[in-house]
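One structure is given here, and the rest of the page talks about it.
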Amino acid sequence: MDSAGLELLEAWREELKLTGAKMVTAAEAGQWELVSELDRRIATALQKLQQCPKLKESLADALQLLQQQHQRVRQLCSESRDELAKKMHAFHAQQDGLRAYEESQKWR
């Protein structure tokens with residue numbers, strides 16, 4: 001591989017690494033809009049890589065790391081969704097209790 005090819009390879013490797021790391025950091029901070037934006041950016045990059053099989057093969061280590069990062073983001077997303085579901089359930093239960101109390105006050 002010539003020097004231009006090596007530079008391209010390193011640029012891709014760095015971009016995938018940084019974007020994946022930013023996505024994990026954003027997910028840990030609950031910045032879901034940023035996670036979505038970064039996910040779209042990664043999807044676009046992966047589509048471009050599909051057109052360059054040799055480059056994709058050379059980036060196997062970076063792509064494996066990206067896959068691990070993406071799995072971590074999905075885990076964080078799932079945990080956040082579950083926590084939100086618990087909060088919504090508690091909120092609805094409280095609302096039901098308040099309505100029942102309100103109705104009982106009307107009967108007096």
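The structure presented is a predicted model; accordingly, all values stated were derived computationally and were not measured. As a basis for the values below, the full set of heavy atoms in this structure was taken, side chains included, without hydrogen atoms, waters or symmetry mates.
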Just list the side-chain donor-acceptor pairs under 3.5 Å for residues 17-28, sequence neighbours left out, or say none.
from: Thr19; atom 1: OG1; to: Glu15; atom 2: O; distance (Å): 2.7
from: Thr19; atom 1: OG1; to: Glu15; atom 2: OE2; distance (Å): 3.0
from: Thr25; atom 1: OG1; to: Ala21; atom 2: O; distance (Å): 3.0

Donor-acceptor pairs are to be reported for all side-chain atoms of residues 33-46 against protein atoms at under 3.5 Å, with residues two or more places apart or in another chain.
from: Ser36; atom 1: OG; to: Arg40; atom 2: NH1; distance (Å): 2.8
from: Glu37; atom 1: OE2; to: Arg41; atom 2: NH2; distance (Å): 3.1
from: Asp39; atom 1: OD1; to: His70; atom 2: NE2; distance (Å): 3.1
from: Thr44; atom 1: OG1; to: Arg40; atom 2: O; distance (Å): 3.1

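Rounding to the nearest 0.5 Å gives a distance of 10.0 Å between CZ of Arg81 and CZ of Arg74. Rounded to the nearest 0.5 angstrom, Glu57 CD and Leu49 CG are separated by 12.0 Å. If you take CD on Gln68 and CG on Leu63, they are separated by 11.5 Å, rounding to the nearest 0.5 Å. Rounding to the nearest 0.5 Å places NZ of Lys87 at 12.5 Å from CG of Asp82. In this structure, CD in Glu79 is found 4.5 Å from CD in Gln75, a value given to the nearest 0.5 Å. The distance from the CG atom of Leu9 to the SG atom of Cys52 is 11.5 Å, given to the nearest 0.5 Å.
Contact of the Ser80 side chain with the Trp32 side chain is registered, since non-hydrogen atoms from C-beta on lie closer than 4.5 Å. Counting heavy atoms from C-beta on, the side chains of Glu10 and Leu6 never come closer than 4.5 Å.
Applying the side-chain hydrogen bond (donor to acceptor under 3.5 Å, both in side chains) test to pairs two or more places apart or on separate chains, those with a residue in residues 45-55 are Gln50-Lys56.
Under a hydrophobic clustering in which Ile, Leu, Val, Met, Phe, Trp and Tyr are joined whenever their side-chain heavy atoms come within less than 4.5 Å, directly or via other members, Leu66 and Leu55 fall into the same cluster. Leu65 is not connected to Val73 by any chain of hydrophobic side-chain contacts under 4.5 Å among Ile, Leu, Val, Met, Phe, Trp and Tyr, and they are in different clusters.
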